[in-house]
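No experiment lies behind these values; they were computed from the predicted model shown. A note on names: the letters A, B, ... follow the listed sequences, proteins ahead of strands, and every chain is numbered from 1. Excluded from the calculations below are hydrogen atoms, water molecules and symmetry mates; all remaining heavy atoms, backbone and side chain alike, are included.
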Amino acid sequence: MIAKPPPDRRLQLDPDELGLSEAARSFYLRGTVAVARGLIGAYLARRWRGRWYGARIVETEAYLGAGDAAAHSFGGRRTPRVEPMYAEGGTLYVFFVYGMHSCVNVVTGRAGHAEAVLLRAAEGPDGVARLLAGPGKLCAAMGITVADSGRDLVGGREVALFLRRRARRPRIGVSPRIGVDYAGEASAWPLRFFDLDSPAVSRRSSAR
DNA sequence: CACATGATCGCCT
DNA sequence: GGCGATCATGTGG
């Protein structure tokens, strides 16, 4: 049996103490851009040996499916790797790139639409932020791998997404997506969202 | 600060 | 056979 990588111990959290409640299915069934914005300030969490580990999401990108040249599902591409993108909103889509990094996405909308939100950075306790600033680093710190691809977040007992009750709306900045220069005009679409007040954003943003 | 490069391999062509 | 939804490190200004 393959051992799953543990999350960073410093990310341990108590959902009750933080005033967190799990996101319902309906959260994921709105437009992808709305979900990408709504995920700023939410907590991605993973259970490991009975305890929760997680961090507050501060940077996301929307990928808009068949019509988006930057999306893995561009043109309706449907392969075993991409298959989870076609599942119901609330499913995880994790892929492996550059021979060494995993990246985690949250699928949005109804099954068959293949849209998703890439989680690019999160904020942890002091000193851990640098570990979470970037999609590959975020996955590594959380211990998330392609073995988690296809998992359902809703009611998930291993990986879950929590919203903060009574949260103030974060101030959100917008810019083009990172690392998709090959995608023609889609590379300029304003689909990256980040918390303007977080020091943990993966790259200091130009756009304000 | 702005590039430039290497590492490393699964996936698609 | 080529390249990528990345990252760390190195160079030069």
Side-chain angles (χ1 to χ4, degrees), chain A residues 2 4-5 7-8 28 32-33 35-37 39-40 42 44 55 57-87 89 91-109 113-124 127-151 153 159 161 173-195 199-208:
Chain A
I2 301 166
K4 292 181 204 166
D8 189 292
Y28 305 101
T32 302
V33 167
V35 176
R37 287 177 162 278
L39 282 169
I40 302 294
L44 178 68
I57 298 162
V58 297
E59 181 181 348
T60 63
E61 285 177 356
Y63 286 84
L64 303 185
D68 178 359
H72 291 166
S73 52
F74 178 53
R77 185 150 56 94
R78 190 162 188 164
T79 64
R81 176 177 77 141
V82 191
E83 186 61 28
M85 282 192 79
Y86 290 83
T91 299
L92 281 180
Y93 167 49
V94 185
F95 63 92
F96 187 68
V97 275
Y98 301 118
M100 56 191 93
H101 300 295
S102 298
C103 298
V104 62
N105 297 252
V106 172
V107 175
T108 63
H113 285 274
E115 303 198 11
V117 176
L118 170 68
L119 307 185
R120 286 195 57 90
E123 189 178 275
V128 191
R130 267 191 348 277
L131 241 108
L132 299 163
K137 296 161 79 175
L138 171 60
C139 272
M142 295 282 301
I144 290 176
T145 70
V146 293
D148 296 300
S149 197
R151 222 184 256 300
L153 284 169
V159 183
L161 189 86
V174 182
S175 82
R177 294 170 292 184
I178 305 288
V180 296
D181 295 344
Y182 59 86
E185 80 174 38
S187 68
W189 293 352
L191 295 177
R192 173 173 175 250
F193 306 94
F194 51 94
D195 184 339
V201 171
S202 71
R203 294 190 195 182
R204 245 0 188 165
S205 177
S206 26
R208 299 231 150 187

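Under the salt bridge (charged side-chain N to carboxylate O under 4.0 Å, His left out) criterion, A:R78 pairs with A:E83, sequence neighbours left out. Residues forming a salt bridge (charged side-chain N to carboxylate O under 4.0 Å, His left out) with A:E115 (at least two apart in sequence, or on another chain): none.
With values rounded to the nearest 0.5 angstrom, A:I57 atom CD1 is found 4.5 Å from A:L119 atom CG. Separation of atoms CE (A:M85) and OG (A:S149) is listed at 10.0 Å; rounding is to 0.5 Å. The CG atom of A:D195 sits 10.5 Å away from the OG1 atom of A:T60 when rounded to the nearest 0.5 Å.
Taking 4.5 Å as the limit, some side-chain heavy atom of A:V106 sits within range of a side-chain heavy atom of A:L153. Between A:F95 and A:R81 the shortest side-chain heavy-atom distance falls below 4.5 Å.
Interface residues of residues 65-72 of chain A facing DNA chain B, ordered by number: none; criterion, heavy-atom separation under 4.0 Å.
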Taking only nitrogen or oxygen atoms into account, show me every contact under 3.5 Å that the protein makes with nucleotides 5-10 of chain B, one pair per line with its distance.
| residue | atom | partner | partner atom | Å |
| --- | --- | --- | --- | --- |
| B:dT8 | O2 | A:Y98 | O | 2.6 |

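The backbone N or O of A:V58 sits nowhere less than 3.5 Å from a side-chain atom of A:E123 that would complete a donor-acceptor pair. For A:R192 (side chain) and A:E59 (main-chain N/O), no donor-acceptor pair under 3.5 Å exists by modelled atom type. Here the side chain of A:N105 pairs a donor or acceptor atom with the backbone of A:Y93 at under 3.5 angstrom.
Look at CD on A:E61: it is 16 Å from P on C:dG4, rounded to the nearest Å. In this structure, the CZ atom of A:R177 is 12 Å from the P atom of C:dT6, given to the nearest Å. Remark: P of C:dT6 and CD1 of A:I144 are 16 Å apart, rounded to the nearest angstrom. When the C1' atom of B:dC12 is taken as reference, atom OH of A:Y182 falls 13 Å away, rounded to whole Å. A:I178 places its CD1 atom 8 Å from the P atom of C:dT6, with the value rounded to the nearest Å. Between the C1' atom of C:dA5 and the CZ atom of A:F194 lies a distance of 17 Å, rounded to the nearest Å. With rounding to whole Å, A:L138 atom CG is found 14 Å from C:dC7 atom C1'. A:L118 has its CG atom 16 Å from the P atom of C:dG4, to the nearest Å.
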If you look only at distance, which donor and acceptor atoms sit under 3.5 Å apart when one is on a side chain in residues 133-145 of chain A and the other is two or more places apart or in another chain?
| residue | atom | partner | partner atom | Å |
| --- | --- | --- | --- | --- |
| A:K137 | NZ | A:R130 | O | 2.9 |
| A:T145 | OG1 | A:A147 | N | 3.1 |

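For B:dC11, the OP1/OP2 oxygens have no side-chain nitrogen or oxygen of A:R77 closer than 4.0 Å.
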Completion exercise
Writing each nucleotide of DNA chain C 5' to 3' as (, ), [, ], | or . by Watson-Crick or G-U pairing under 3.5 Å yields ||||.|||||||.

